[in-house]
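Please read these numbers as outputs of a predicted model, since none were measured by experiment. Every chain is numbered from 1 and lettered A, B, ... according to where its sequence line falls, protein lines coming before strand lines.
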Amino acid sequence: MSVVSESRVVRVLPDVPAIDKEFDYLVPDGMPVELGDVVRVDLHGRRVGGWVVALDVEPDPSVTLRALAKVSGRGPGADLLELAGWAAWRWAGRRAQLLRTASPTAVVQSFGRASIERADPGGPHPPTDPVLDRALSSDRAVLRLPPGADRYGLVRAAHLATDAGRQLLVLCPSVGEARDLASRLRRDRVRAVGLLGDVGGVAGGQAWARAHHEDVVVGARAGAWAPCPRLGRVLVLDEHDEGYQQEQAPTWHARDVVAERARRAAAACLLVSPCPTLEALDWGTLVTVPRGGERRGWPAITVVDQRRLDPALGPLFSPALVDLVRGEGRVLCVLNRTGRARMLACAVCATLARCEQCDAAVGQPEPGLLLCDRCGTERPTICLACGSTTLKSLRLGVSRAREELEALVGEPVGEVSGPGVDAGSAPDTRVVIGTEAVLHRIRGADAVAFLDFDQELLATRYRSAEQALGMLARAARVVRRRDGMGRLLVQTRTPDHPVIRSALQADPGHLVTSEVPLRQVLGLPPTTAMAVVSHAAAPDFIEALGQPLGVEVQGPVDGAWRLRAPDHETLCDALAAVPRPPGRLRVEVDPLRIWPGRSLVGHAVSAGFDPRKAHP
DNA sequence: CGGACAAGCTGA
DNA sequence: CAGCTTGTCCGG
């Protein structure tokens with residue numbers, strides 16, 4: 001008996017998505033255990049993984065404890081355990097999900113030995129710059145740097161400005177950018193490590209262990225959970241990028257996670273973007289470069305008013321665009337509509353092409369074939385009203401636009417669309433057309449043309465204006481060259497839109513000025529905090545939620561409810577008070593859309609008809 | 001999540 | 001009433 005009472009007892013959170021509960025276990029004699037360690041335990045007849053979330057706890061005397069089966073390796077430290085608890089509250093998720101992201105993808109036995117001295121960085125030291133100094137001397141700043149600005153110099157300056165012995169954590173929107181930045185820092189003899197983990201964890205074992213004592217740790221979204229025991233400063237590059245938000249619930253945002261993390265560690269946090277989000281501007285002090293510098297950092301932009309069309313060229317190709325693609329140099333054309341044509345009309349009688357089964361507008365995925373997106377019915381290209389086989393596209397998709405563009409320029413035009421992964425798969429033609437993916441897949445070009453920018457400006461996401469400006473900033477980087485900037489061409493029916501004005505005048509402040517009152521009037525974030533609750537268990541969840549003070553419950557629309565509160569404190573406290581009902585449930589805090597996807601397919605599904613089952 | 005156990009259904 | 005399915009509960 002005395003042996004048992006003297007044994008150590010630890011508290012374990014099992015790595016089982018459906019269990020959000022801690023269990024106590026005995027530590028076998030001589031087994032070294034530390035906070036955050038990854039362990040294996042016997043739970044209800046099966047062996048599962050988990051994390052040690054508390055040491056030396058006083059167990060409930062009414063339960064007989066089992067012993068830890070194994071200590072697998074090191075895991076997230078005490079700071080990250082607490083941060084995961086906070087993030088689970090903030091995004092109404094489970095800690096296990098977040099701790100998995102904060103854990104190495106491979107077993108790590110030890111962190112290795114820390115070297116105390118900081119390596120002397122070689123290479124040219126960045127010149128001191130009053131703007132960077134100002135941004136780096138604040139603990140909560142937002143730096144607005146134009147797309148053409150040198151961000152590597154900023155990273156170097158941030159490294160030098162970080163207290164000796166403390167670490168700099170840098171986040172990039174993509175793994176590729178993080179990899180490039182980490183290797184460039186190492187070439188310049190900065191002690192840096194890139195955390196390039198894929199799904200499931202922040203990094204493989206070796207890099208994860210090294211992050212404990214390198215001076216600079218670079219990562220993408222999951223890098224927010226990098227193990228940095230001596231965190232002194234955080235830098236988030238391209239803070240506006242949507243890649244920082246996790247798509248699956250919990251929909252945590254790396255920017256918000258590191259901002260909270262920095263606060264807890266008394267570290268400085270600097271968000272950087274050519275077009276800072278309203279969320280960022282709400283959080284910290286804005287620092288801008290002098291007007292002239294910002295102006296030089298944006299390329300020349302030609303805006304084409306599509307309301308005045310040349311009928312001979314059709315809706316997508318203005319004379320200015322034709323000049324651009326027939327000129328010299330590499331040109332990328334962006335059209336965010338996949339497929340060939342999304343809507344067609346008869347060339348003879350002008351009747352809209354509809355589905356004979358369900359009446360929805362049909363598209364033309366390939367020549368000669370009409371397809372209904374809603375119910376999957378196909379038919380040959382024929383007008384049901386007059387029998388004509390000549391239909392014309394009302395809304396061209398990328399594939400059809402490529403054919404027309406090729407005819408206009410008289411040379412092959414490549415196409416980039418869909419979620420192709422490897423950058424090497426990009427076509428090497430001089431002119432390339434594609435969805436937004438072209439801007440990610442192709443590294444450099446002389447010009448970028450947006451064929452239908454209203455598609456971006458007027459999208460259904462409430463942040464679409466900010467995202468549209470972000471896309472112009474990305475295009476601006478793609479056309480950045482040694483001899484200055486290339487050209488951007490934007491075709492739109494709303495040439496006075498604040499997004500266009502911001503880019504033309506190189507002043508994203510215009511968009512902020514127009515967007516803030518709009519969000520206030522409509523009660524949209526960041527003026528409010530929102531969540532969307534959906535899937536089978538949503539009705540039970542909403543019933544259990546009731547009517548908490550300060551939380552507005554709207555819906556259901558398509559089986560989803562929208563919750564709105566004045567702030568996250570109110571919203572998240574209310575969500576945390578609800579016991580999770582059994583069944584499939586999605587709680588999306590800070591949703592990208594204020595209502596979930598309202599595609600035709602979505603409607604059909606909610607009406608009890610699943611087109612994917614009807615047409616396998 | 002997934003095993004345990006209880007309550008409900010079926011067939012001879 | 002055995003043998004099986006379906007549902008609810010709970011884990012140290």
Could you check which residues of residues 11-21 of chain A get a heavy atom under 4.0 Å from DNA chain C? Sort them by number, please. A/Ile19, A/Lys21

Using a cut-off of strictly less than 4.0 Å between a heavy atom of the residue and any atom of DNA chain B, enumerate the qualifying residues of residues 44-57 of chain A by number. A/His44, A/Arg46

Which residue, A/Gln245, A/Arg461, A/Met530, forms the side chain to side chain contact (heavy atoms under 4.5 Å, CB included) with A/Pro591?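 Output: one option passes, namely A/Met530.
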
First-last contacting nucleotides on DNA chain B - partner chain A, under 4.0 angstrom, heavy atom: B/dC1 to B/dG3

Side chain to side chain, [X] and [Y], heavy atoms closer than 4.5 Å:
| X | Y | value |
| --- | --- | --- |
| A/Val41 | A/Val48 | yes |
| A/Leu575 | A/Phe541 | yes |
| A/Ile19 | A/Leu43 | yes |
| A/Thr101 | A/Gln246 | no |
| A/Thr251 | A/Arg586 | yes |

Rounded to the Å, how far apart are [X] [atom1] and [N] [atom2]?
| X | N | atom1 | atom2 | result |
| --- | --- | --- | --- | --- |
| A/Phe23 | C/dG11 | CZ | P | 7 Å |
| A/Leu65 | C/dG12 | CG | C1' | 6 Å |
| A/Arg580 | C/dT8 | CZ | P | 19 Å |

Is any NZ, NE, NH1 or NH2 atom of the basic residue among A/Arg100 and A/Asp15 found under 4.0 Å from an Asp or Glu carboxylate oxygen of the other?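 Yes, charged N to carboxylate O under 4.0 Å.
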
Pair A/Arg90 + A/Asp590: basic N to acidic O under 4.0 Å: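 Counted as a salt bridge, because a side-chain N and a carboxylate O are separated by less than 4.0 Å.
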
Checking the side chain of A/Arg191 only, and the main-chain atoms of A/His213 only, is there a donor and an acceptor separated by less than 3.5 Å?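 Checked: pair present.
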
Would the distance check show the side chain of A/Ser183 and the main-chain N or O of A/Arg179 forming a donor-acceptor pair, the cut-off being under 3.5 Å? yes

